[in-house]
Amino acid sequence: SDVCSSDLVGRLSDPAMMQGLAFEPLYSEEIVFAVRQGHPLQHRSSVTLHDIAAYTVLFPIQGSIIRPDVERLMLGQGLTALPDTIETVSPSFGRRYTRMSDAVWITSRGVVLDDLEVRQLALLSVSIDRPTGAVGITTCFDTLPRAALTRLRETLPRLAAELP
């Protein structure tokens, strides 16, 4: 199908995938380590990736936008693999599985933002510099703006500015 048949709101993709596309950044979003309320690591002031390796980890699938960033984080801490992973980019699966287990979910902050606000999930204080990724609007270079896209371009920056 034609990649330019619609406009997308999401993370900036791999540059090789962006040929013929324009990207308008809205905000940066960090990678987080989410757990259920009451998780054994939740109240530690500093958690390492080696601590996380003792648990099942929900890990971004191969080919996902954040996967290379997560792999670089691991390599920077001397980890080439985690012993118990489930690969997923499904928010509904990640949310449900994390709430019902001691799993650690590595995902983008925006995916779990609502869960954090209602205290169904919590973030671990992982002692590493977490990468951020640009989130924005991807459109085709040669596409004329449509009314819906114009409204989207007007509304999204205001909503992004309200993010915590």
Side-chain angles (χ1 to χ4, degrees), residues 1 3 6-14 17-18 23-77 79-138 148 152 155-164:
S1 71
V3 72
S6 64
D7 305 304
L8 302 170
V9 175
R11 269 193 182 267
L12 175 61
S13 187
D14 181 339
M17 304 291 290
M18 296 296 292
F23 182 79
E24 296 177 43
L26 297 170
Y27 62 95
S28 290
E29 182 175 64
E30 71 178 335
I31 293 172
V32 297
F33 299 81
V35 294
R36 67 171 174 80
Q37 288 291 333
H39 189 280
L41 297 176
Q42 180 182 356
H43 296 294
R44 284 201 194 168
S45 60
S46 181
V47 176
T48 68
L49 290 182
H50 293 279
D51 296 329
I52 290 169
Y55 297 89
T56 299
V57 176
L58 300 185
F59 203 82
I61 64 171
Q62 191 70 38
S64 65
I65 293 173
I66 69 168
R67 173 80 176 238
D69 292 330
V70 174
E71 288 175 336
R72 276 190 291 278
L73 284 175
M74 288 179 43
L75 287 173
Q77 299 295 306
L79 291 171
T80 55
L82 296 168
D84 184 14
T85 61
I86 298 172
E87 294 190 11
T88 185
V89 290
S90 168
S92 57
F93 173 77
R95 184 172 290 114
R96 185 155 179 82
Y97 192 85
T98 303
R99 280 193 251 161
M100 62 177 266
S101 70
D102 280 342
V104 177
W105 184 15
I106 304 174
T107 190
S108 299
R109 183 180 188 86
V111 173
V112 295
L113 193 58
D114 290 340
D115 304 283
L116 298 172
E117 287 179 3
V118 297
R119 299 184 161 271
Q120 290 183 339
L121 295 178
L123 297 183
L124 296 180
S125 296
V126 179
S127 56
I128 55 174
D129 289 331
R130 287 177 287 224
T132 60
V135 175
I137 304 170
T138 302
L152 188 64
T155 306
L156 284 178
R158 187 177 70 248
L159 293 174
E162 295 174 6
L163 290 174

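Please read these numbers as outputs of a predicted model, since none were measured by experiment.
- Contact detail for Ser45 and Ser125: the closest heavy-atom pair is O-CB, 3.4 Å.
- Here the shortest heavy-atom pairing between Val47 and Leu41 reads CG2-O, 3.8 Å.
- Atom CD1 of Ile106 and atom CD of Glu87 lie 11.0 Å apart (nearest 0.5 Å).
- The OG1 atom of Thr107 lies 8.5 Å from the CD1 atom of Ile31; values are rounded to the nearest 0.5 Å.
- Partners of Asp84 under the salt bridge (charged side-chain N to carboxylate O under 4.0 Å, His left out) rule, at least two apart in sequence or in another chain, do not exist in this structure.
- In plain terms, the two heavy atoms of Leu121 and Ala34 that are nearest each other are CD1-CB, 4.5 Å.
- Remark: the backbone N or O of Glu30 is not paired with any side-chain donor or acceptor of Arg109 at under 3.5 angstrom.
- Summarising the geometry, atom CZ belonging to Arg67 is positioned 12.0 Å from atom CG belonging to Asp69; distances are rounded to the nearest 0.5 Å.
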Exercise. Go through the steps to decide whether Arg44 and His39 satisfy the test side chain to side chain contact (heavy atoms under 4.5 Å, CB included), and finish with yes or no.
Key: CA-CA 10 Å; Arg44 284 201 194 168; His39 189 280; over 6 Å; no

Give the table of side-chain donor-acceptor pairs shorter than 3.5 Å for residues 98-105, with sequence neighbours excluded, one pair per line with atom names and distance.
| residue | atom | partner | partner atom | Å |
| --- | --- | --- | --- | --- |
| Thr98 | OG1 | Gly94 | O | 2.6 |
| Arg99 | NH1 | Gln120 | OE1 | 3.3 |
| Ser101 | OG | Tyr97 | O | 2.7 |
| Ser101 | OG | Ala103 | N | 3.1 |
| Asp102 | OD1 | Arg36 | NE | 3.0 |
| Asp102 | OD1 | Arg36 | NH2 | 2.5 |

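- In plain terms, the two heavy atoms of Pro60 and Val89 that are nearest each other are CA-CG1, 4.3 Å.
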Practice problem: Evaluate the criterion side chain to side chain contact (heavy atoms under 4.5 Å, CB included) for residue pair Glu117 and Asp114; output intermediate values, then yes/no. | Solution: CA-CA 5 Å; Glu117 287 179 3; Asp114 290 340; 4.2 Å; yes

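- The two residues Leu82 and Leu79 have their closest heavy-atom pair at CD2-CD1, 4.1 Å.
- Between the side chain of Ser108 and the backbone N or O of Gly110, no donor-acceptor pair lies under 3.5 Å.
- Between Leu73 and Phe33, some side-chain heavy-atom pair lies under the 4.5 Å cut-off.
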